[in-house]
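Report on the structure given below.
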Amino acid sequence: MTQFPNTSSPEQANLDAILTSPTYRIAHEDQELLNSNDMRGVRMLLEITKPDLHLETAGIESTIIVFGGARIVDNDTAAAKLAQAEQRLSENPGSPLLKRQVVHAQQLVELSRFYDAAREFASLASRHGQCNREQPHDCSSHVIVTGGGPGIMEAANRGAFEAGCRSIGLNITLPFEQHPNPYITPDLCFKFNYFSLRKFHFVMRSIGAILFPGGFGTLDELFELLTLRQVGTKGSMPIVLFGTEFWRRLVDFDYLAETGLISDDDLDLIHFSDSAEEAWDFIRSRTGAEPESN
């Protein structure tokens, strides 16, 4: 029988085990370590530091927050969704579910005006922050920042994009995938794991905020901002609620003041608006921004 030399000694086998052991990896290259519960603090520090470094490098001096519903779409898309819903109902006219879907689609058509308004507002604000007319991407102040997703977020990023200006998108990891919209400046789009740190970066450079109709997420951000204003953390940052009828029906702020749960002065923290131009004029007047020259 032919004998083959043994090329693997116990020492070599042990050395191979050392070199492939997780403990031998450089700490910052050890994904298993970084993703462990024990490293949550490190991951949170990274989520604070990474966006801050990039925004600093990009020269972003100030931002205007735009919040609003992810389900609000442009009029053409809303009309197409309504046509589809009506077609499905015509095929099964007795379905309560399909009837409700038609109602929702009709509401989307009505709400699409807020998509247009967010787009117009972002264009106005972005053009103001455009420092160098010969280099339109050199925008450093009043930079639009959104949650980076669809709906009102897309509309605002789109308005800045169409104005030739930069805008920021702070996306978030969700159980259902939320892709970034295609209008965010590529090197100013960030993905977060922690909602709290995402909120930190929303507020960090903000000098104003405008909120369009939306759901739980929009309401969450609204009351967070109002609380920061109430306790003085954000100074005199203007907060605009766009869509007076919607917001007054949704939240009875006057009732809160009547009950004494907030002070009458707290009502001054909120400005209602129904015009993109008026909303921008209000924020501009409260942030010390000079009118845009023609």
Side-chain angles (χ1 to χ4, degrees), residues 1-63 65-67 70-71 135 137-140 143-151 153-154 156-158 160-161 165-206 215-218 220-221 224 228 233:
M1 180 180 294
T2 304
Q3 298 291 324
F4 294 97
N6 184 2
T7 58
S8 179
S9 66
E11 293 84 357
Q12 183 61 50
N14 194 66
L15 178 58
D16 291 341
I18 291 171
L19 296 177
T20 57
S21 171
T23 61
Y24 193 68
R25 297 173 193 156
I26 296 175
H28 69 268
E29 295 178 354
D30 189 339
Q31 289 298 314
E32 185 177 350
L33 171 67
L34 290 175
N35 290 325
S36 67
N37 289 336
D38 293 329
M39 290 294 105
R40 183 175 289 112
V42 173
R43 294 196 301 274
M44 294 179 78
L45 179 60
L46 288 171
E47 284 205 357
I48 291 175
T49 306
K50 179 182 176 180
D52 191 37
L53 289 174
H54 283 279
L55 292 170
E56 188 71 25
T57 299
I60 304 301
E61 297 173 0
S62 63
T63 61
I65 305 169
V66 181
F67 289 130
R71 303 182 187 189
Q135 298 181 19
H137 287 282
D138 183 17
C139 308
S140 60
V143 179
I144 295 297
V145 58
T146 79
M153 297 174 280
E154 174 189 289
N157 290 124
R158 182 176 179 178
F161 180 87
C165 286
R166 298 184 294 175
S167 68
I168 303 165
L170 306 181
N171 217 320
I172 186 74
T173 302
L174 297 171
F176 48 91
E177 185 69 20
Q178 176 176 291
H179 292 285
N181 69 67
Y183 301 106
I184 307 164
T185 302
D187 61 353
L188 296 178
C189 189
F190 305 93
K191 189 174 184 180
F192 289 83
N193 185 58
Y194 299 105
F195 272 97
S196 59
L197 300 181
R198 182 180 182 237
K199 289 182 177 183
F200 173 84
H201 282 288
F202 268 127
V203 174
M204 186 176 179
R205 290 174 170 81
S206 64
F216 290 156
T218 303
D220 173 50
E221 301 293 356
E224 180 109 21
L228 292 175
T233 302

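- No donor-acceptor distance shorter than 3.5 angstrom exists from the side chain of Ser140 to the backbone of Ile60, with no hydrogens or angles considered.
- At least one side-chain heavy atom of His54 sits less than 4.5 Å from a side-chain heavy atom of Phe190.
- Atom-to-atom distance recorded for Arg205:CZ and Ile168:CD1 is 7.5 Å, nearest 0.5 angstrom.
- The backbone N or O of Gln31 lies less than 3.5 Å from a partner atom in the side chain of Asn35, making a donor-acceptor pair.
- Rounding to the nearest 0.5 Å places CD1 of Ile172 at 6.5 Å from CG of Asn193.
- Scored by the salt bridge (Lys or Arg N to Asp or Glu O under 4.0 Å) test, Arg71 finds no partners at all (sequence neighbours excluded).
- With a 4.5 Å cut-off on side-chain heavy atoms, Asn37 and Arg40 count as touching.
- Side-chain contact check for Ile184 versus Asn171: every heavy-atom pair is 4.5 Å or farther apart.
- The distance from the CZ atom of Arg198 to the NZ atom of Lys191 is 12.0 Å, given to the nearest 0.5 Å.
- Under the 4.5 Å side-chain criterion, counting only non-hydrogen atoms from C-beta, Asn181 is not in contact with Arg158.
- Shown here for Ala156 and Thr146, the closest heavy-atom pair between the two residues is CB-CG2, 3.7 Å.
- The side-chain heavy atoms of Asp220 and Lys199, taken from C-beta on, include a pair separated by under 4.5 Å.
- In this structure a side-chain-to-backbone donor-acceptor pair under 3.5 Å is present from Ser206 to Val203.
- Annotation: side chain of Leu55 is in contact with side chain of Leu188 (closest heavy-atom distance under 4.5 Å).
- Residue pairs meeting the side chain to side chain donor-acceptor pair (under 3.5 Å) criterion with at least one partner in residues 41-51, sequence neighbours excluded, are Arg43-Tyr194.
- Interatomic distance, Ile144 CD1 to Thr63 OG1, rounded to the nearest 0.5 Å: 8.5 Å.
- For the atom pair NE2 of His201 and OG of Ser196, the computed distance is 10.0 Å after rounding to the nearest 0.5 Å.
- Side-chain contact between Pro182 and Phe161: absent, with no pair of heavy atoms (C-beta onward) separated by less than 4.5 Å.
- In this structure, CG in Asp52 is found 12.0 Å from CG in Leu197, a value given to the nearest 0.5 Å.
- Using a cut-off of 4.0 Å between Lys/Arg side-chain N and Asp/Glu carboxylate O, Asp187 and Arg166 are scored as not salt-bridged.
- In this structure, Ser21 contributes its side chain and Ala17 its backbone to no donor-acceptor pair below 3.5 Å.
- By the 30° and 60° cut-offs, the orientation of the rings of Phe67 relative to Phe202 is perpendicular.
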